[in-house]
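Notes to accompany the following structure.
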Number of protein chains: 2
Amino acid sequence: MPARRAPADPAVAAGVSLRMVARVAGVSTATVSRAMNTPERVSEALRERIASVVDRLGWVPHGAARALATRRTGTIGAVFPTLTHGDFARALEGLQGELTRLGYRLLLACSEYSLDQEYQQVRKLVERGVDAVLLVGALHHPELRPFLDRRAVPVLDSFVFDRDHPGASVGPDNRRALFRLTEHLIALGHRRFGVIAQETATNDRARARLEGIRAALAQHSLAVPPAHFAEGRWTIREGRELFRRIATTDPAPTAVICGNAWLAVGAMLESQALGIDVPGALSIAGYDDIEIMAELPIPITTVRVLSDEVGRRAARHLVARIEGRAPSDAFECEAEIVLRASSGPAPGGPPLPPRSGQS
Amino acid sequence: MPARRAPADPAVAAGVSLRMVARVAGVSTATVSRAMNTPERVSEALRERIASVVDRLGWVPHGAARALATRRTGTIGAVFPTLTHGDFARALEGLQGELTRLGYRLLLACSEYSLDQEYQQVRKLVERGVDAVLLVGALHHPELRPFLDRRAVPVLDSFVFDRDHPGASVGPDNRRALFRLTEHLIALGHRRFGVIAQETATNDRARARLEGIRAALAQHSLAVPPAHFAEGRWTIREGRELFRRIATTDPAPTAVICGNAWLAVGAMLESQALGIDVPGALSIAGYDDIEIMAELPIPITTVRVLSDEVGRRAARHLVARIEGRAPSDAFECEAEIVLRASSGPAPGGPPLPPRSGQS
DNA sequence: CGATGGTATGTAAACGGTTACAGGCCGGCC
DNA sequence: GGCCGGCCTGTAACCGTTTACATACCATCG
C-alpha cells in the first residue's frame with residue numbers, strides 16, 4: 001500500500017483534477033467519475049472513500065472538460081431586449097430560479113431591441129456553449145433560425161403565443177388580450193380611442209397588441225385616427241408627453257390604451273396634472289401589471305401577464321427538450337384583464353348592448 | 001493535390017470542427033487556430049483561404065474545447081439578490097453591455113438575499129467555469145472568500161464601497177450618502193426622524209445606510225425612537241403600511257427617510273392618502289433615483305446612484321484583473337443627493353445654523 | 001466442477017481546441 | 001558558398017472529463 005498523502009492543506013485546491021482524486025483514492029479516473037455521476041454503479045465502500053478524498057482535496061469538477069466530453073454544458077442562453085422592463089426582469093428571475101432548481105445555469109445577453117444584436121448575441125452564446133436558447137418575441141434576424149437549426153439547438157420564443165406553431169412559443173396571446181380589453185371598453189360605450197404604443201418596428205409584441213386593438217375596433221366599424229395615435233419609447237416621461245398630445249386634441253378620445261406599464265403610468269400622472277377627470281371624462285388602460293399600477297391614487301386598469309410564470313415555463317420547456325422529454329406545460333399563458341378605477345363608462349352616451357352589437 | 005470537397009451544403013454545419021476546416025483548407029489544425037487567434041502570424045494568402053473555408057463550412061469554435069485548452073472561459077459570473085429591483089436591473093444591464101463590448105459573456109444567478117444561496121450559486125458558477133465573480137455587498141458566507149481564493153478567482157463586491165480594502169469593491173459609500181442626506185434634513189430644522197429601512201439581517205448596504213442616518217443624528221444628539229423605526233420588504237405596499245404606522249404616532253416625525261425607492265414611493269402615496277401635507281408637515285426622502293421618483297405629483301428627494309455605471313465599472317475592473325492589467329476606474333461611485341419637493345424645512349422651528357452647529 | 005452471467009473496476013480513446021517545439025525555406029552577409 | 005536568422009507551417013502533447021469496451025472476480029446453476 002502506497003503511503004497516503006498528507007491531508008491537503010487548504011491552499012492546494014487550485015489545480016486538483018479528477019486524476020489526482022483517483023490517484024489519492026487509489027482507483028482509476030473512471031471509477032471516480034462514476035462515483036460522482038452514477039453512484040449506484042460503484043460499491044458502497046469505494047463511494048465513501050472517494051467522497052472523502054474529494055472533499056479533503058476540495059475538488060470541483062471542471063465544467064469545460066465535462067462539456068467537451070459530454071457535449072452538453074448544462075447552460076441555457078437567454079437574450080432579452082432589456083432588463084429594466086418590469087416584466088422582463090420578473091421573467092428573468094423566474095427563469096433563473098427554475099433553471100437553478102433543474103440544475104442548469106443561465107447565460108444572459110441583451111439585444112437592446114435590435115434584431116442584429118440579438119443574432120450576434122445568439123452566435124456568441126452558441127459559441128460559448130449553450131444547450132438551448134430563449135428569445136423574446138417571434139421576430140428575429142433571418143439567419144437566426146437556420147443558424148440554430150443547423151446546430152440542432154432548441155429555441156423558444158417567449159412573451160408571444162403563436163397558435164400556428166404550437167410548442168415554439170410560450171407567453172400570452174398579445175393580440176387577443178388587447179382585443180378583449182378593447183372590446184370591454186367599447187362595451188362601456190367608448191367610441192373615440194387613443195393609443196400610445198411602443199415602437200413597433202422591431203417589436204412584434206407591441207405590433208400584435210396594436211393589431212388586437214384595431215381588430216376589435218374594426219368589428220364595430222371604429223378606428224384610431226392619426227391624431228389619437230402615438231408611438232414612442234417606454235418611459236414615464238414619454239407616456240406623459242404622448243398622452244398630453246393626444247388628450248388635448250378636439251374632439252379628445254374618451255379612452256386611451258397604453259402599450260406598456262410605464263407609458264400608462266405616465267399617461268395617468270399627466271392626466272392628473274392636466275386636471276382631466278379619470279375615468280369620468282377619459283378612461284386609461286395599460287398593459288402589464290406592475291405594483292405601481294394598483295397603488296396610484298387612481299389605480300390603472302391593465303392586462304396582467306404572469307411574467308415570472310413565463311420565465312419558469314420557458315425553463316421547464318427547454319430543459320425538457322434538451323433532455324429529450326415531452327414538455328408538459330401549456331404554452332399559452334393566460335392574460336387576465338384587471339379592471340380598476342381608471343376605466344369606466346364613456347361620458348355621455350349609454351353603453352352598447354353586450355357582445356353581439358353590430359354598431 | 002487531393003480532390004477538393006464539394007462545397008458544404010448548409011445542412012452540415014452541425015459537427016464541423018477545426019480539424020475539418022484544416023483538412024478542407026489543406027493545412028494543419030495549428031495553422032487554422034493561428035489564423036483565427038493571431039492572424040498576423042499567418043501569411044496573407046493562407047489567412048484568406050482559411051477564412052473562406054471557415055464560413056463556407058459555417059464553423060463556430062467550440063467554447064468548451066477552447067476553455068479546456070486555454071484555461072479561460074471568457075465568462076464572468078454575477079450573483080444578484082434579485083433582479084426586480086430597479087438598481088440591480090440597471091446595473092445588470094450596464095454590466096452585460098460592457099462585458100459584451102469587452103468580448104466576455106455573463107453567467108447570471110440570484111441569491112434571493114440569502115448568503116447560503118449566494119455561496120451555492122458561486123460554487124456552481126465556478127464549476128461551470130467563470131474567470132471572475134461579481135457579488136453585491138460585502139457580507140458573504142464565511143466559506144465564500146476562501147473558496148474563491150484557493151482557486152485564484154478574482155472577486156469584486158458591488159454597491160458598496162469599503163475604504164479599508166481599496167480595489168475590493170465598487171459602488172457608492174452607502175453610509176456616507178445617508179449621513180449627508182440626514183445632515184441636510186437636520187439643517188432644515190428636522191428633529192424627529194422616522195426611518196423605514198429594508199431588512200438589514202443579510203443586507204449590509206441597508207445596514208450601512210441606517211448607520212449613516214444614526215451617525216448623523218448622533219452628531220446632533222438625536223436618535224430614531226423605536227416607534228419611528230420600521231424594517232420591511234421592499235414593496236410599495238410595505239412602504240405604505242410602515243409609513244402609516246410611523247406617521248400616525250404622536251408626536252409624529254417631521255421627516256421620514258426610506259431605505260429604497262419603492263418604500264419611498266409607498267410612503268409618498270400613503271401620505272397623500274392620509275392627507276398629510278408634504279413637505280409642509282412632513283418631509284420624505286428615499287434612496288435610488290428611479291424615474292417614478294421624479295414624476296409623482298410631489299417629486300421625491302432621493303440619493304442618486306448611477307447603477308448602470310456601477311455595472312460597467314465592475315465589468316471593466318474584473319476584465320482588467322483577469323487580463324492582468326491594472327484597473328483604471330475609480331472604485332467609489334459618487335452618490336448624489338437629489339433635492340425635490342418632498343423635502344423642506346421642518347414645520348415650526350427655524351432651521352439650524354449651517355454645519356458647525358452643535359445643537 | 002466447469003460453464004455462465006452479473007457486478008465492480010480498469011484501460012484507453014475520444015471530445016475540439018491551443019501551443020511549445022521542431023523543421024523548412026529563403027534572403028542577406030561575410 | 002556556407003552560415004545565420006526570421007518567417008511560416010507542421011507535429012504532437014496536453015487541457016480534464018466521460019464512456020465503450022475489456023477484464024477480474026464471484027456466485028449460481030446444470
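Every chain is numbered from 1 and lettered A, B, ... according to where its sequence line falls, protein lines coming before strand lines.
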May I ask you to evaluate whether [X] reaches the phosphate of [N], defined as a side-chain N or O under 4.0 Å from OP1 or OP2?
X	N	answer
A/Trp59	D/dG16	no
B/Arg71	D/dC14	no
B/Ser17	C/dG16	no
B/Arg19	C/dG16	no

Qualifying residues under side chain to side chain contact (heavy atoms under 4.5 Å, CB included), relative to [X], sequence neighbours excluded:
X	answer
A/Ala51	none
B/Glu40	B/Thr38
B/Asp162	B/Asp164, B/His165, B/Ser169
A/Ser114	A/Asp116, A/Gln117

Atom pair distance, as rounded to whole Å: [atom1] in [X] and [atom2] in [N]:
X	N	atom1	atom2	value
B/Glu127	D/dG16	CD	P	15 Å
A/Met20	D/dT17	CE	C1'	14 Å
A/Arg72	D/dG16	CZ	P	24 Å
A/Met36	D/dG16	CE	P	17 Å
A/Arg23	D/dT17	CZ	P	12 Å
A/Glu40	C/dT9	CD	C1'	15 Å
A/Leu68	D/dT19	CG	P	12 Å
B/Arg41	D/dG6	CZ	P	13 Å

Is the Lys NZ or Arg CZ of A/Arg145 less than 6.0 Å from the centre of A/Phe147's six-membered ring, within 45° of the axis? no

Listed by chain and number, what are the salt bridge (charged side-chain N to carboxylate O under 4.0 Å, His left out) partners of B/Arg101, not counting sequence neighbours?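 B/Arg101 satisfies salt bridge (charged side-chain N to carboxylate O under 4.0 Å, His left out) with B/Glu98 once adjacent residues are dropped.
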
Do NZ/NE/NH1/NH2 and the carboxylate oxygens of A/Asp329 and A/Arg316 come within less than 4.0 Å? yes

Touch check for A/Val42, heavy atoms < 4.0 angstrom, all strands: base, sugar-phosphate only, or nothing?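 Here A/Val42 touches the backbone only, sparing every base.
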
Bend of the helix from C/dC1-D/dG30 to C/dC30-D/dG1 from end-axis comparison, five pairs per end, nearest 10°, comes to 60°

Scan residues 75-85 of chain B for pairs that pass salt bridge (Lys or Arg N to Asp or Glu O under 4.0 Å), counting only residues two or more places apart or in two chains. none

Could you list all the salt bridge (Lys or Arg N to Asp or Glu O under 4.0 Å) pairs where at least one residue sits in residues 57-69 of chain B, not counting sequence neighbours?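 Matches after skipping sequence neighbours: A/Glu127-B/Arg66.
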
Give me the ring orientation class for A/Phe88 and A/Tyr113: parallel if the planes are under 30° apart, tilted from 30 to 60°, perpendicular past 60°.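 Tilted.
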
Hey, what are the protein-to-nucleotides 19-23 of chain C N/O distances that come in under 3.5 Å?
none

Residues forming a side chain to side chain donor-acceptor pair (under 3.5 Å) with B/Arg321, sequence neighbours excluded: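 B/His317.
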
Who are the ring pair (Phe, Tyr, Trp, His ring centres under 6.0 Å) partners of A/Tyr104, not counting sequence neighbours?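 With sequence neighbours excluded, A/Tyr104 shows a ring pair (Phe, Tyr, Trp, His ring centres under 6.0 Å) to no residue whatsoever.
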
Could you list, one pair per line, each protein nitrogen or oxygen that sits under 3.5 Å from a nitrogen or oxygen of nucleotides 26-28 of chain C, together with the distance?
none

